[in-house]
Amino acid sequence: MKIVIAEKPSVGRELAKVFGATTRKDGYIEGKGYSFTWAFGHLLQLAPPQDYGFIGWRKQHLPMLPARFKLAIRKIKTKDGFVEDPGVRKQLDIIKKLFDEATEIIVATDAGREGELIFRYIYYFLKCKKPFKRLWISSQTDEAIKDGFRNLKPGEDYDSLFNSAHCRSESDWLVGMNATQALSISAGSRSVLSLGRVQTPTLAMICSRYIEVKNFVPQIYYQIAIQLDKDGQLFKAISITNFKTKEEAQQVFDQVEDIAAGFEKGGNITAVEAKPRKEPPPLLHDLSSLQQEANKKNGFTADQTLNLLQNLYESKLVSYPRTGSRYIGDDVFATIPGLISKLTDHQAFGKQAAFLQTIKLNKRSVNAKKVTDHHAILPTGEKAYNLSKDHQAVYDMVVGRMIEAFHQECIKEITKITVNSGSIFVANGTVVQFAGWRAVFNDAEDEKKDEDNPALPKVTAGELLPIVNKALLEKQTKPKAMYNEASLLKALETSGKEIEDEELRYAMKDSGLGTPATRAAIIETLLTREYIIREKRNLVPTQKGLAVYEVVKDKKIAQAELTGQWEKRLEEIRAGASVTEFKSEISEYTKTITQELLVAGAGLAAQLADN
DNA sequence: GCAAGGTC
């Protein structure tokens, strides 16, 4: 009997289906000489400090550097504290039984670093010695699966990938557990002051933004607005200069040749520019972009959106949710017309779905090379009945985005009118000439933008128009916005670097903080620790969060770059470099940061006591 | 009591 082990049930079932294995057993599916089983993500974790004899949080234990790490069954939190997850224990027993019967094991966990670790931890925990081969596929279509099984790789080909995963795992434990205990102990805090490679840079981003906003000194400046009349259609133009003093502005203001000052036609149109701007449709959603949109549109937290999406996935209404890809391959693209045809009588999107059937679909979101373990989030085509309001909202975002993504470009005409009347004024206007993908949602947000950029009358250079009104405006420079869940998620994707270009941001997604699957949990951790609170939709640091930030802000553990440095080394290990050097560097760093925090935390004790 | 990673 050959045993195939997948990362999660949905994949295990899919593989079984392709093989025609249909006998459903408890925790696996049997048939055609194979058994298909699965994990539920990581079933095992590195054992906690007490399993190495570090009982209680004591300074003399630090730094804790286990000579050999142990594995422990994943725990869940209950009223009685942490206990072994019974479902996990049961599935491990099932896997053990299957491994014992196996002639060969086929590893079908996700094709990546963590997928490799999920399997190897199980394999070593169960002390299994059977030979194993690796299925390595980046698409879940029948053809890709069959092809993958015809080209199984020797298991040892992925030993270096496991090494890099193993280093990642142990390094996070060493730095996180030691730093957390060191700071908590030295601050004499009754509550946990947790620190980690990901959560601490995230906290630092929130705190430094908060401080920047708090210390922001608004600058006052002045602008002059004039209102012109073209055959009864009024439009507004603004001075191109921002004046530092009211006097300067007043002087220019007085020179405006408006009707009240006796100038019947004092606005001289000096230039008119009109150019079309094409806006391509947005890419399909990955988890992060969907969380951001759900936060902006509905105020859902990242965690809520992930949960809602997970429910929809379990109800087989949407594809795998924790994806980091916004693309699909050509094979999945072939199924899109079918999905669209099921939506033509949809209440909100039906009309646009019907329209899509008449055009050539936009292929911006189609790129097999940019599909990693999982493709972008799509509806499955199953009928959705009786969804709760929140589930419906998320589901509609998935469906609506699919319609948008395959729709046509939106074409706008951008108009810029330059007016001279004692000074130079400019009016900007935008007219949507062809809505294209923007017809799908017709957002209120977009309408609001249109208010700032209204349609402008047709005018030509050389025309003289009456200025019916003028105003001297006092304005203030504004600070950056505080982080909210949407902007924080976006910032985490690029480790806090501000990159507006969508394509460029996408290219950086491997150097972000955390992963799609973990970012919601990172935010929740910071909230649980009472480092941050939600204030309306903003994420704002507490006194405690700011105090911790002050202690660690100049240390490596608070820098997003730490992850970047680790990733570089881990990639070298994956390519075959030795692990011993990296491991000894991590041990050294663990000793250093532990010592530093044991000292620095003392200052924190007083601050925390003050509150 | 603690990390970050994955998932139901």
Side-chain angles (χ1 to χ4, degrees), chain A residues 6-12 27 38-52 54-58 61-64 69 71 74-77 81-82 85-88 90-91 109-110 112-122 164-185 189-203 287 306-307 309-315 320-324 373-374 492 513-522 524-526 528-529 557 562-563 566-567 570 586 590 593-594 597:
Chain A
E7 181 154 327
K8 44 191 167 273
S10 63
V11 175
W38 45 76
F40 310 118
H42 276 296
L43 301 183
L44 298 157
Q45 54 193 181
L46 295 177
Q50 60 266 30
D51 287 23
Y52 309 94
F54 305 121
I55 312 292
W57 292 34
R58 295 168 178 282
H61 292 153
L62 303 184
M64 303 173 289
F69 276 95
L71 292 171
R74 187 214 290 165
K75 308 282 194 298
I76 46 169
K77 200 172 185 175
F82 284 88
D85 184 326
V88 167
K90 185 178 167 206
Q91 190 65 13
T109 47
D110 290 357
R113 194 167 74 195
E114 291 304 320
E116 192 64 28
L117 192 62
I118 286 170
F119 165 71
R120 299 275 184 138
Y121 273 175
I122 294 170
S164 80
H166 197 197
C167 279
R168 197 281 306 148
S169 176
E170 295 188 351
S171 303
D172 275 327
W173 190 103
L174 287 169
V175 172
M177 295 293 189
N178 282 294
T180 297
Q181 289 203 12
L183 186 65
S184 304
I185 291 169
S189 175
R190 269 165 292 136
S191 63
V192 176
L193 300 176
S194 67
L195 298 173
R197 171 179 60 86
V198 175
Q199 63 171 269
T200 305
T202 306
L203 174 65
L287 174 61
L306 176 54
N307 282 324
L309 210 51
Q310 173 71 17
N311 297 149
L312 293 171
Y313 168 65
E314 285 168 18
S315 314
Y320 178 75
R322 291 177 211 79
T323 177
D373 295 350
H374 307 279
L492 288 175
L513 270 179
T515 70
T518 58
R519 287 191 189 122
I522 293 161
E524 295 304 314
T525 297
L526 295 177
T528 309
R529 298 275 173 270
I557 197 170
L562 180 63
T563 291
W566 283 23
E567 287 298 338
L570 292 169
I586 294 293
T590 301
I593 186 73
T594 304
L597 290 168

Exercise. What residues form a side chain to side chain contact (heavy atoms under 4.5 Å, CB included) with A:Arg190, not counting sequence neighbours?
Worked result: none
Seminar exercise, completed: Taking B:dA3, B:dC2, B:dC8 as options, the one with an atom nearest any side-chain atom of A:Glu314 is B:dC8
For this session: Measure from CZ on A:Arg168 to P on B:dA3 and round the result to the nearest Å.
Result: 13 Å
For this session: Check every strand shown and say whether A:Asn178 touches a base, only sugar-phosphate, or nothing at a heavy-atom separation below 4.0 Å.
Result: nothing
Problem set entry | Nucleotide B:dC8, atom P - distance to OH of A:Tyr320 in whole Å | 7 Å
Problem set entry | Separation of B:dG5 P from A:Ile122 CD1 (nearest whole Å) | 19 Å
Seminar exercise, completed: The nucleotide from B:dA3, B:dC2, B:dC8 with an atom nearest the side chain of A:Tyr313 is B:dC8
Exercise. Which one, B:dG5, B:dT7, B:dC2, comes nearest to the side chain of A:Thr518?
Worked result: B:dG5
Problem set entry | Minimum-distance nucleotide to A:Gln181 side chain [options: B:dA3, B:dC2, B:dC8] | B:dC2
For this session: Output the single nucleotide from B:dT7, B:dA3, B:dG5 whose closest atom is nearest the side chain of A:Pro9.
Result: B:dT7
Seminar exercise, completed: The nucleotide from B:dA4, B:dC8, B:dC2 with an atom nearest the side chain of A:Arg197 is B:dA4
Exercise. What is the distance, rounded to the nearest whole Å, between atom CZ of A:Arg322 and atom P of B:dA4?
Worked result: 18 Å
For this session: Please identify each residue that fulfils side-chain hydrogen bond (donor to acceptor under 3.5 Å, both in side chains) with A:Tyr320, with sequence neighbours left out.
Result: none
For this session: State which of B:dC2, B:dT7, B:dA4 makes the closest approach to the side chain of A:Thr180.
Result: B:dC2
